[in-house]
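Atom set for the values below is all heavy atoms of this structure, side chains included, hydrogens, waters and symmetry mates excluded.
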Amino acid sequence: MSLVADRVEPSTKMDVPESESQADERNRSLIKISNFDFFYGDKQALFDINMDIAEREVTAFIGPSGCGKSTLLRCINRMNDLIDIARIGRGNVQVNGVDVYDERVDATELRKRVGMVFQKSNPFPKSIYENVVYGLRIQGINRKSVLDDTVERCLKGAALWEEVSDRLDTSGLSLSGGQQQRLCIARALAVEPDILLMDEPCSALDPVATAKVEELINNLKNRYTIVIVTHNMQQAARVSDKTAFFYLGNLIEMNATVQIFMSPEKEQTEAYISGRFG
Amino acid sequence: METALLGTPTRAKSIERIVFWLFRLATYFVLLCAAAIFADIFYKGGKTVFQSAFPFVNVAFLTESPQTLHVFEHAGQKYELSDSAFRIFKEEQGVSIVSETYAYSGGGIWPCIVGTVLLVVGAMLIALTLGVLSAIFLSEYSRPGKTLNAVRLSILNLAGVPSIVFGIFGMGMFVLAFGWNVSLIAGWFTLAFMVLPIVISASEESMRAIPQGLRDASLALGATKWTSIRTNVLPYAMPGILTSSIIGVARVAGETAPIMFTAAYALRDQLPWQGLERWYDFFFQGVMALPYHIYVVSAKIPQNEYTSRMQYGTAFVFLFIVAGITLISILLRIRMRKKYRW
Amino acid sequence: MSDREPEDRYDLSSRRKSFLGLTKESALKGLFGGNAFVSIVVLGLITFFLFKEGFGFFGQYREDLTIYRKSGLEYVELMREEQNALSALNRYLNSIRTLQSEQLTESGLEFSDVKAVLRKDEDFFYDFEDLAFPLREHILEASEVVATARDSYEEMLDLQEHRQNLINAGRQSEANSFEITEIDLGQMFELVKSKEGDFNAINRHLEEEIPALLERAPIYDDPDLNSRMNRFKELATLFLSEIPVYEERIVLWNREDAISIGESFTSFIFGKKWVTNSSIQNWYGIVPLFSGSLLVAMIAMFFAVPFGVGAAVYVNQVARPLEQNLIKPFIEFISAIPSVVIGFFGIAVFGTLIRNMSGWDSMEWVNFFPLSERLTGFTAGCLLALMAIPTIFTLAEDALNNVPIAFKEASMALGSTKLQTIIRIIVPTALSGIISAVLLGFGRVIGETMVVLLCAGNRIEIPQFTEGIGVFFEPVHTMTGIIAQELGEVVNGSLHYRALFVVGLTLFLISLLINYFAQKIVLKFQISRG
């Protein structure tokens with residue numbers, strides 16, 4: 001035990017969930033965003049966001065382009081750190097009770113818990129096998145048996161195993177668009193996250209591939225907390241349990257998906273859903 | 001209607017044909033000129049470098065130092081001997097022989113080959129270390145903005161500065177101001193700084209060509225910044241960096257102007273590892289180099305058939321080395337283009 | 001830390017080891033950043049160093065020019081101009097005599113007979129030659145006096161500096177041990193100036209004698225010779241009319257006029273003479289070198305632009321794919337031939353080839369053929385063209401390649417031929433890219449050293465642009481060539497050394513300017529394509 005760890009541990013170790021008791025408590029909030037302001041340079045991108053995202057549910061972020069939904073998504077696993085002019089204003093984002101913007105939090109550790117799937121599928125130019133085990137290899141895990149198990153488990157989890165099990169050595173780039181996106185999901189699963197962030201995962205896919213990915217999301221929600229950003233309202237309606245509507249950097253309304261689509265509380269939400277703008 | 005479509009070529013068509021032939025001729029004329037230079041040097045140089053008897057390569061030319069050539073007649077036979085052989089011959093015969101001497105025309109070019117290799121290796125080590133590490137910083141760590149653009153622009157501009165300007169800089173800075181004199185190390189730094197802009201901008205370009213998505217994906221999986229650079233940027237940028245550094249090698253090996261005043265001696269008897277008093281004297285000695293040797297034998301000594309052999313032989317070896325390096329880089333780039341397409 | 005409990009999943013603190021507060025990440029970032037910093041500093045240093053060494057030149061050159069004036073050398077040089085004019089007259093006169101002797105020999109006369117004919121009017125020629133004698137003596141004497149004075153003055157300055165250095169180093173006694181004779185440049189100059197009367201007397205003598213002598217000019221049977229002799233008379237009269245001008249310039253010349261830094265600057269930028277190792281005065285004027293560089297570059301571009309751009313159009317638009325794949329690497333390959341090898345080829349083969357070709361009967365219509373020189377601006381220019389072609393070709397081909405295929409399709413769909421499409425659509429769209437390719441090719445040519453050093457002939461003179469095309473076949477010297485040739489022999493910190501740095505600086509600025517414009521043009525091109 002190093003000194004640093006001793007010093008840090010008590011404060012960041014707060015609210016460690018008890019894995020046994022939480023299993024039946026479905027609506028426990030895993031991500032908690034409070035009074036969150038976010039800036040790109042001088043321009044404010046998010047205004048006073050407050051939301052709870054429940055465990056093992058699919059939460060959809062919808063809204064017109066530039067409304068801040070992707071920005072918020074990227075705040076959860078701190079991918080916005082990569083942008084130099086990005087800056088936090090007020091408020092915080094807590095994952096499992098830990099403020100992710102606490103200076104003692106290491107973004108890389110955070111990202112191991114909070115996986116992400118991108119809009120454009122981005123498999124590494126390596127074999128399918130190496131793509132999946134990448135997250136383990138960078139943690140120094142190189143045992144063949146562990147890796148083999150992980151590949152099978154994750155590819156099965158991503159509903160890709162049957163299509164590629166005979167050609168794990170071929171390049172990830174040789175797969176079709178939908179398969180590539182599922183490979184990216186499998187890759188994200190390999191590091192055993194609790195949360196999966198999906199940034200418009202189907203926007204570049206054809207309807208058949210989209211259906212497969214949506215089916216996969218449905219299967220995954222038993223084990224993972226999923227946040228999905230989408231432009232496609234039917235998709236949000238099909239896959240999500242909760243839906244949050246954003247407009248111009250504000251969270252307008254968040255509620256159960258059925259509620260949002262059937263009887264939205266806010267006028268803006270209704271206007272958007274019924275296709276009057278956006 | 002039918003006939004109009006199939007009809008005789010129109011005027012526009014025949015003009016087109018003539019103009020295209022002019023373009024074709026221009027293109028092939030250029031190729032022909034270059035081929036003529038290659039042919040001349042390979043044909044005449046080949047006579048010096050190769051021989052008809054075993055081992056077919058003129059070993060003496062490649063392994064001896066440049067020497068004065070003695071041409072004389074003795075006992076009804078005509079001899080052409082390099083200085084060292086001539087001395088032995090004289091002792092054996094025990095007579096004094098009057099000979100015509102031709103400077104630089106005997107012996108070989110071994111010290112030049114050695115010098116060129118040393119210069120290239122040292123300069124590239126410096127340039128690649130500085131250049132690739134700088135490129136990593138500029139491409140992966142630095143903040144985009146006006147400063148970065150200005151830095152990029154000035155590096156790009158420096159890549160076009162004539163080599164003689166680097167030569168005069170190296171002379172003023174390393175040879176005189178630092179007091180390194182004409183030495184390997186002064187040559188290394190001069191050549192390294194000459195190719196530094198090329199190495200930086202080419203390496204940076206090949207790193208920036210890698211899609212941002214790969215870096216994002218890797219970071220989202222919990223990799224640290226350095227890990228994602230190491231696993232997802234450098235491996236794919238490596239072919240580009242390699243190609244640019246091979247071009248750099250060709251440039252470093254091929255340039256004369258920067259080493260004329262900083263590193264090259266016209267003639268030096270000892271090889272770089274001979275006669276060193278202290279180990280670091282190695283760095284502070286001048287060397288012979290192929291390009292400078294070609295300059296010396298073609299511009300500074302009287303021309304005749306004997307020097308001509310030396311000139312062409314040196315040019316052959318030099319061209320062979322530089323062209324070989326370039327060929328490798330061209331082939332590598334063609335292969336690389338096929339390999340990665342995002 | 002490996003013994004961490006599994007339920008610590010949300011301990012998100014860093015698990016990386018740190019050393020002295022530095023993690024591996026920040027250490028690496030520091031390493032890369034440090035290298036980038038060093039690279040940038042080094043590249044900046046090059047610029048700084050060139051400027052530093054270069055700018056010292058102007059102050060030093062100003063001092064040098066001041067001594068030149070104060071010592072009276074300039075005064076003597078003014079007089080020498082008259083002598084030079086007279087010598088030119090003499091040379092012209094001798095050329096008439098040479099021509100006459102050639103004519104006589106050609107007409108089949110014996111050598112002795114030729115001599116006899118020539119002897120008839122040799123008095124006239126000898127007398128005219130003798131006329132120049134007193135003037136030459138006078139100037140030689142004056143020049144020796146002032147040059148010696150200048151030399152000892154400079155020696156004194158050196159000694160003074162040396163002594164000052166010793167004093168600064170605290171070696172007072174050593175400093176006092178040697179004596180420095182004060183040299184008064186003014187006094188020496190007065191000596192020369194006092195003989196101005198002699199100079200004027202010589203002029204009076206010339207004014208008297210020349211007209212008288214011209215009366216005795218021989219008259220020839222040959223009309224050509226006669227017209228030449230008449231021309232000589234005109235020139236001589238012109239010379240006479242200019243004598244007062246020379247005298248006036250000497251009177252107007254003022255030793256006390258100070259030389260400004262601007263003057264030293266202009267005498268570099270516009271100076272028509274580059275003379276080093278002269279016993280009288282070294283001149284550092286860049287015009288002959290700059291015009292030489294420009295001339296060679298113009299010749300090179302004259303060939304390289306049509307061939308380079310033509311080849312690019314051919315390969316990109318006309319050639320079959322197989323041809324493309326062979327020609328492109330081959331032309332790229334040309335750029336790999338080291339310049340010293342091309343220069344060597346120029347000396348060994350190409351220069352001789354050009355000279356021999358100029359001697360062919362079919363080339364007789366060119367009035368300045370056959371050439372006497374093997375190494376000329378033309379030789380170097382042609383070889384440089386070969387070096388510029390790959391640059392121009394590659395960049396121009398790139399620009400053509402970037403023209404959207406839709407443009408081509410649209411044009412072809414309207415029924416234009418391939419050539420019409422190329423001329424009207426593709427080349428205009430790629431034009432700025434092609435122009436910047438040409439500019440960068442030009443930059444490559446003007447900065448090239450070894451080819452011009454080996455093949456341009458290295459004669460430091462402003463090319464005679466009045467000669468028409470013949471100017472291309474004169475030996476020239478270039479900015480790059482002069483550095484390569486003279487840098488090895490200069491003393492560190494001397495005026496000559498700094499002059500070469502200013503030439504280097506000029507080259508540096510030219511290449512930056514060319515690059516800047518090339519980029520500007522390409523940038524504009526991108527905007528226009530939206």
Side-chain angles (χ1 to χ4, degrees), chain B residues 12-13 15-16 19-20 23-24 26-27 29-31 33-34 37 40-41 130-131 133-134 136-138 141 151 154-155 157-158 160-165 168-169 171-173 176 193 196-197 200 224-226 250 254 256-257 260-261 291 294-295 298-299 311 315 318-319 322-323 326-327 330, chain C residues 25 28-29 31-33 35-36 38-40 42-43 46 49-50 53 306-307 310-311 313-315 318 327 329-334 336-342 344-345 347-349 386 389 417-420 440 443 447 449-450 454 480 483-484 487-488 492 500-501 504 507-508 511-512 515:
Chain B
K13 265 286 174 211
I15 292 175
E16 180 180 275
V19 172
F20 281 177
F23 281 145
R24 187 170 291 135
T27 310
F29 181 71
V30 171
L31 301 186
C33 288
I37 294 184
D40 180 62
I41 287 170
L130 263 179
L133 295 184
S134 303
I136 293 177
F137 182 80
L138 291 180
Y141 287 96
V151 167
S154 24
I155 289 174
N157 273 328
L158 277 168
V161 168
S163 56
I164 186 84
V165 175
I168 196 171
F169 162 74
M171 160 99 173
M173 183 95 171
L176 297 177
F193 291 161
L196 190 57
I200 294 181
T224 60
K225 186 145 193 165
W226 166 240
T256 320
M260 279 175 99
F261 318 112
I294 294 178
Y295 168 65
S298 57
Q311 292 166 355
F318 185 47
L319 190 59
V322 175
T326 313
L327 197 65
I330 291 176
Chain C
E25 283 294 306
L28 279 166
K29 183 176 177 181
L31 172 71
F32 299 139
N35 267 290
V38 168
S39 301
I40 292 162
V42 156
L43 295 178
I46 294 176
F49 194 80
L50 284 176
E53 294 286 306
F307 280 104
V313 170
Y314 177 74
V315 168
V318 187
I327 295 175
F330 193 97
I331 293 191
E332 247 176 274
F333 199 58
I334 298 177
I337 311 177
S339 56
V340 71
V341 172
I342 294 191
F344 162 64
F345 179 79
I347 282 194
V349 180
L386 192 67
I389 283 172
T417 63
K418 222 173 175 184
L419 180 65
Q420 285 164 335
L440 291 174
T449 311
M450 297 318 287
L454 288 167
T480 49
I483 298 177
L487 189 62
N492 181 12
L500 292 175
F501 259 88
L507 272 170
F508 181 74
S511 73
L512 286 191
N515 269 314

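Inter-residue side-chain proximity for C/Phe333 and B/Ile330 is flagged as met; some heavy-atom pair is nearer than 4.5 Å. Counting only heavy atoms from C-beta outward, the side chains of C/Ser39 and B/Leu196 approach each other to under 4.5 Å.
Of the two parts of B/Phe20, the backbone and the side chain both hold a non-hydrogen atom closer than 4.5 Å to a non-hydrogen atom of chain C. Heavy atoms closer than 4.5 Å to chain B are found in both the backbone and the side chain of C/Ile46. The parts of C/Thr417 that come within reach of chain B are both its backbone and its side chain, each placing non-hydrogen atoms under 4.5 angstrom from that chain. Proximity to chain B is limited to the side chain of C/Ile347, based on heavy atoms less than 4.5 angstrom apart. The contact between C/Leu43 and chain B is made by backbone and side chain atoms together, counting heavy-atom distances below 4.5 Å. Both the backbone and the side chain of B/Ala257 come within contact range of chain C, judged by heavy atoms closer than 4.5 Å. The part of B/Met171 that comes within reach of chain C is its side chain, from C-beta onward, which places non-hydrogen atoms under 4.5 angstrom from that chain.
Taking both residues in full, the closest heavy atoms of C/Ser511 and C/Phe508 are given as OG-O, 2.9 Å, listed atom of the first, atom of the second, then distance. Shown here for B/Phe137 and C/Ala36, the closest heavy-atom pair between the two residues is CD2-CB, 3.6 Å. Between C/Leu386 and B/Cys33, the shortest heavy-atom distance links the atoms CD1-CB, 4.0 Å. Closest heavy-atom contact between B/Phe318 and B/Gly254: CZ-CA, 3.6 Å.
Your options are C/Gly310, C/Ala484, C/Gly447, C/Ala336, and the one with the most heavy-atom pairs under 4.5 Å with chain B is C/Ala484. The candidate from C/Phe330, C/Phe501, C/Phe345, C/Phe344 with the greatest count of non-hydrogen atom pairs under 4.5 Å with chain B is C/Phe344. Each of B/Leu130, B/Ile294, B/Val165 has some count of heavy-atom pairs under 4.5 Å with chain C, and the biggest count is that of B/Leu130. Per-residue counts of heavy-atom pairs under 4.5 Å with chain C were compared for B/Val151, B/Asp40, B/Leu138; the largest is that of B/Asp40. Of the listed residues (C/Val341, C/Thr480, C/Val318), the one with the most heavy-atom contacts under 4.5 Å to chain B is C/Val318. With chain B as the partner, the residue from C/Leu487, C/Ile337, C/Asn515, C/Val38 showing the most heavy-atom pairs under 4.5 Å is C/Leu487. The choice from B/Ile41, B/Leu158, B/Ile37 that makes the most heavy-atom pairs within less than 4.5 Å of chain C is B/Ile37. In terms of heavy-atom pairs under 4.5 Å with chain C, the best-connected choice from B/Gly131, B/Gly172, B/Gly160 is B/Gly172. Ranking C/Ile327, C/Leu31, C/Val315 against chain B, the residue ahead of the rest is C/Ile327, based on heavy-atom pairs under 4.5 Å. Counting heavy-atom pairs closer than 4.5 Å to chain B, the top residue among C/Leu507, C/Val42, C/Ile40 is C/Val42. Of the residues considered (B/Ile200, B/Leu31, B/Val19), B/Leu31 shows the highest number of contacts with chain C, using heavy-atom pairs under 4.5 Å. Per-residue heavy-atom pair counts under 4.5 Å with chain C were compared for B/Asn157, B/Ile155, B/Thr326, and the maximum is reached by B/Asn157.
With rounding to the nearest 0.5 angstrom, the OG atom of B/Ser298 is 7.5 Å from the CE atom of C/Met450. Taken to the nearest 0.5 Å, the CD1 atom of C/Ile331 stands 6.5 Å off from the OG1 atom of B/Thr27. Interatomic distance, CD of C/Gln420 versus CD of B/Glu16, reported as 8.0 Å (0.5 Å rounding). If you take CD1 on B/Ile164 and CD1 on C/Ile483, they are separated by 5.5 Å, rounding to the nearest 0.5 Å.
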Take B/Ile168 and C/Leu50 through the side chain to side chain contact (heavy atoms under 4.5 Å, CB included) test and state the conclusion after the steps.
CA-CA 8 Å; B/Ile168 196 171; C/Leu50 284 176; 3.9 Å; yes
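Between C/Phe49 and B/Phe169, the ring planes lie perpendicular to each other; the angle is over 60°, past the 30° to 60° tilted range.
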